[in-house]
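Taking it in order: structure first as structure tokens, then the write-up.
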Amino acid sequence: MIRREFLVRALSAAAASVFAREAFAQQGQQGAHSMHGMSDMSGMQGMRNSSGMPDMPGGGMPPSVQLAAPDALPAGAPLAALRTLPNESGEPGLFRATLVAQPAQHTLIAGHPTTFWQYGPAGGQPAEGAGNGPASAQPGSLVVGPLIDVREGDTVEIRFVNRLPEPSTIHWHGLPVPPDQDGNPSDPVAPGGSRVYRFTLPRGSAGTYWYHPHPHGQSAEQVFRGLAGPFVVRAADDPLAAWPERHLFFSDLKLASDGAIPPNDMMDWMNGREGQFVLVNGARRPLIVVTTDERWRIWNGCNARYLRLSLGEGRVFTQVGTDGGLLEQPRAGLTTLLLAPGERAELMVSAAGASGEAAQAQQSAQSRQLATSAQTARAILTAEVYDRRKMAMSHGSLPPNPALPLADVQFEPDSADTTQVARVLPASLRVIAPLGAPAARKSVVFSERMDMAAMHHTGRPVTGGLPGGLPTGMSFMINGATFDPRRITLTSRRGEVEHWSIENRTDMDHPFHLHGTQFQVLEREQGGVAALEPYRAWRDTVNVQPGETVRIATVQQQAGRRMFHCHILEHEDLGMMGTLKVI
Ligand code: C2O
Ligand code: CU
Ligand code: CU
């Protein structure tokens, strides 16, 4: 009766059945209530698992999931190129394709195949290792959905076929598509069903987007099982079209030692799931060889992991774009860049290890020496330590993740490359006009409530016989309530500029995301001190730290329902989402 003992211990320690995290912290300070019972995470995992395994005897505790070692996946292979979704249409200006979501097996751990859920073109499951084309020569890239590569002005027509055992949708993250084509949770495609998504990409929409499922309560699971893919829209007058492009699609993978992708445990739900692996284009720690200056498009497709990217000491890069396309001016001389879950960026990375003229001017003498003294240099693309204040089951926060190497980068500037000389990064990339005076204001407040007693009961299943039902006891809220599909949270008029303030009254970071449009961050306020955003950019996702208020300018152009939510997908599923009705 270990399970029962644990419950008794935990409940007596918690004393009150419902309390906010502030109360928790106070208890900690007073030292009145030891929460040691609750910090026993293996116990919590076991309890969580028992709800998903009805065959376990009543009082028994199933062993927690045995995770694969952090080096169980091979590393060091050359970075796989993303496969591209083929255009089935011969008509100019029309991109027509099929995306099938279905289970597909890949062997990442020798002898232990993993069943992913994957997007692929029509024509059935991609056969692993079958020698028919470049994609199968690099099976790693198959884990990521195929790249949809289109141009401004194109009409996109995608038939979605759902061969999953549960409902799904495809949401076009960041794109200004009509509300009824945007894969809202209210428009699910049933298992075995299909539908066509159709939209036209307006001028000015060039940028780095992605697509992923958005079904009610099941987005997190569908994404962590592999359903997510990149989407690039190109402009005819792209000032950076001459640079070779490299794509880095980051995804997170939690893998059991038997190759299975386990369901979320209690901590995954609370903080958002972070696996032991971060994959780049489907592979662990690949090798990137840079021989000439490159334009990198980077996607954070992880459920919850923050990526504070760096190339290491003395290596600078230039940011040229955000979610919704190019910046007005390059931001040179950066050494780190934080990408919250859901965010994207465009960088210029120089073969010399710095990045372009402007960056080199800003480089320290020391690092310039480093870059020029050796023809070949190595760097490690790293997710540096970033403290997003993950919650512990006991009071307080968990320590931040240690720095994690994501890819090895080898700089081998090719002196014979004469095209390089012809490419000079323009000082001005495009004009982003301010949106102007607001016609309305909106307020979004993030809050949370933890009910420890309820957390210790079983999850309520939302997926029939499948494991991974939502847990009870954790509430992540917007404007005081969790998501209710019948409720309109906010109403906007189309064409009206609005200023939104997004305030984080919780104790952890949450990335705010708004559908259907790109917005401009105006300022960020923390502890009564407001700082104007130093540069103008188009974004659809912005991180909001605990105690911070971020102010944005935004405008919706089409009538209908739009979602806005925390892009930690577990939080979204748990109800940290609202509906914006545009009239
Ligand atoms: Cu990337 Cu509502 O989603
Ligand atoms: Cu979105
Ligand atoms: Cu969140």
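Indexing begins at 1, ligand by ligand and atom by atom, following the structure's order. All values below come from the heavy atoms of this structure, side chains included, with hydrogens, waters and symmetry mates left out.
- Taking the centre of each ring, H515 and H565 come in below the 6.0 Å mark.
- A donor atom on one side chain and an acceptor atom on the other are not found under 3.5 Å apart for E221 and N264.
- When ring centroids are compared, Y209 and W172 stay outside the 6.0 Å threshold.
- Contact annotation: H214 places no N, O or S atom under 2.8 Å from atom 1 (Cu) of ligand 1.
- Sorting the N, O or S atoms of H567 by how far they are from atom 1 (Cu) of ligand 1 puts NE2 first.
- With a cut-off of 2.8 Å, atom 1 (Cu) of ligand 1 has no N, O or S atom of H515 in range.
- In terms of distance to the Cu ion (ligand 2), the nearest N, O or S atom of H171 is named NE2.
- Checked against a 6.0 Å centroid threshold, the rings of H173 and H567 count as neighbours.
- With 3.5 Å as the limit, one finds no donor-acceptor pair spanning the side chains of S443 and E503.
- The two residues P179 and A559 have their closest heavy-atom pair at CG-O, 3.3 Å.
- The N, O or S atom of H513 lying closest to the Cu ion (ligand 2) is NE2.
- In H571, the N, O or S atom that comes nearest to the Cu ion (ligand 3) is ND1.
- At a cut-off of 2.8 Å, H173 is counted among the residues with an N, O or S atom near atom 1 (Cu) of ligand 1.
- Of all the N, O or S atoms in H510, the one closest to the Cu ion (ligand 3) is ND1.
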